[in-house]
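The structure under discussion appears below in the form of structure tokens.
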Amino acid sequence: MDKIVIEGGRRLEGEIRIAGAKNAALPALAATLLCPGRFAFSNVPDLKDVDTMTELLKVMGADVKKEGGGVVTVDTENLTADCEAPYDLVRTMRASCLVLGPLLARLGRSRLSLPGGCAIGERPINLHLKGFQTLGAEISLEEGYVNASAPDGLSGRKVYFDLVTVTGTENLMMAAVGAKGTTILENAAKEPEVVFLAEMLNKMGADVRWAGTDRMVIVGGKELRPAEISIIPDRVETGTFMAAAAITGGHLRLAGCNPSHVEAVTLKFAEMGCKVAEGRDWLEITGPKRPQPADVETNPYPSFPTDMQAQAMAVLALADGASVVTESIFENRYMHVAEMWRMGANITLKGKNAFVHGVEKLSGAQVMATDLRASASLVVAGLAASGKTRVRRVYHLDRGYEHIEEKLRKVGAKIFRQRDKNPK
Ligand code: EPZ
């Protein structure tokens, strides 16, 4: 296992190119199961989670080629008979559940190991399964696997999500394109990654309407064909580097991003005293001498994203005053707080609220990454902390950030990766 070592206290200055979005690439790769043929993707990020999804497609018989330079081709002409998503792959990445919808649509059946919980919460997929049942699928659970089958095919219906679920919306979109008739998704997620998936499905010949609103309409049964598409930029990577500029009082230009996907984040960093300029596909952010306090509440898009909560908290930990952070999406997404305490942060947890009393400085320490975005927040905190911060178990980081230490080193951070001799 590796660890990342950061010598903090350096102001970042320069340009970073933003990679393709992990959470857009994963559903797009799963959508290749919907019909036979050769798909071509560009701007695919080089991430562990993307490798896990391509591994899963290969296990199902797809021919996947990483052509280099962010190009990945997937040929799903010949899928294996069983098309099962095995426990060993699913337990490392919950988004494997995204194969359920397309396999149900194409084959009328799918079998997936239940993903199990993860550090940020139990993260059930009950709403996915309830949606499939509404479209006529039979669902059974045995030995930790979920079996979904629709021997007579799926039928378009109205699906109502009890709460907003991103991958639940994406799974039902993919199932609905294979259903006879029209499906309505009520209380659908509106994330840019959902809109991107709709764009890909429509390029494949599907008829998905009103993506980006909370009431999506899918006219099923269309003839589908493979597509070529470029993955949209990663808004969470964008926000994470914005936090790096904010916490170091630096100046970063983020190239190849989509500022319209990070409006809530930009406004929040402006509230903390950052100056932000933006163009069609770039954003420049200058951090303040010391951040101002700001209250943050996470909610579904277009509100402030839960995937940016930990990174924002790292900045607020050094603010000139007190802030309240409220995590409304996941029940256990404060794993980074105990690690920040080790760096001298003054944060009090009360249920879904975190009271962040800004301190003058953070000090470097040995800290442990627990989930993807928590580890990113510890890197952000380490950039500003005095002395050395060692972030261990950085495999969490590698799941969702493309060569983060190289990108940060390029703009002046003193950061490098080291083999962790004592990974316990
Ligand atoms: C997606 O996860 C993202 N992952 C997450 O990003 C992101 O944090 C999350 O959406 C919220 O924005 C991908 O897109 C691959 P949800 P997802 O279903 O779809 C509950 C990252 O760091 N729920 O929108 O799994 C659930 O427990 C990752 O990149 C049910 O109760 O999240 C949670 O409390 C982390 N039953 C809430 O809904 C269900 O059937 C929102 O979850 C489904 C969800």
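The structure presented is a predicted model; accordingly, all values stated were derived computationally and were not measured. In listed order, ligands and their atoms are each counted from 1.
Under 4.0 Å from ligand 1, heavy atoms of T165 appear from its side chain as well as its backbone. When non-hydrogen atoms are compared, ligand 1 lies under 4.0 Å from the backbone of H128 as well as from its side chain. Residue R333 touches ligand 1 through its side chain alone, judged by heavy-atom distances below 4.0 Å.
Look at E228 and K203 and you find no salt bridge, because none of the NZ, NE, NH1 or NH2 atoms lies under 4.0 Å from a carboxylate O. Checked for salt-bridge contact, D63 and K65 meet the test: a charged N lies under 4.0 Å from a carboxylate O.
Nearest to atom 25 (O) of ligand 1 among the protein's heavy atoms is R123 NH2, 3.0 Å. At the top of the distance list for atom 39 (C) of ligand 1, counting protein heavy atoms only, stands P124 O, 3.1 Å. Nearest protein heavy-atom neighbour of atom 32 (O) of ligand 1: F330 CZ, 4.0 Å. For atom 40 (O) of ligand 1, the nearest protein heavy atom (residue, atom name, distance) is L127 N, 2.7 Å.
Each of the atoms 24 (O), 41 (C) of ligand 1 lies under 4.0 Å from some heavy atom of V164. The atoms of ligand 1 that sit less than 4.0 Å from any heavy atom of K22 are 21 (C), 29 (O). Set against the non-hydrogen atoms of L163, the atoms of ligand 1 under 4.0 Å away are 20 (C), 23 (N), 38 (O).
The shortest non-hydrogen separation linking L172 to H128 is CD2-O, 3.6 Å. Contact record, A243 with V315: O-CG2, 3.7 Å, taken as the closest heavy-atom pair.
Side-chain contact of T240 with Q311: a donor-acceptor pair under 3.5 Å is present, judged by distance alone. At a cut-off of 3.5 Å, with distance as the only test, a side-chain donor of T306 or E327 sits close to an acceptor on the other residue.
Which of D162, T306, N23 comes nearest to atom 14 (O) of ligand 1 through a heavy atom is settled by distance: it is N23. Looking at T167, T169, D307, D49 and measuring to atom 17 (P) of ligand 1, the nearest heavy atom belongs to T167. Heavy-atom proximity to atom 34 (O) of ligand 1, evaluated over L98, I329, N332, is greatest for I329. Which of V166, L129, N126, V194 comes nearest to atom 24 (O) of ligand 1 through a heavy atom is settled by distance: it is V166.
Counting heavy atoms from C-beta outward, D398 and R417 have side chains that approach closer than 4.5 Å.
For the pair R215 and W210, the cation-pi criterion (under 6.0 Å, within 45° of the ring axis) is not fulfilled.
For the pair R373 and ligand 1, the shortest N or O to N or O distance falls below 3.5 Å.
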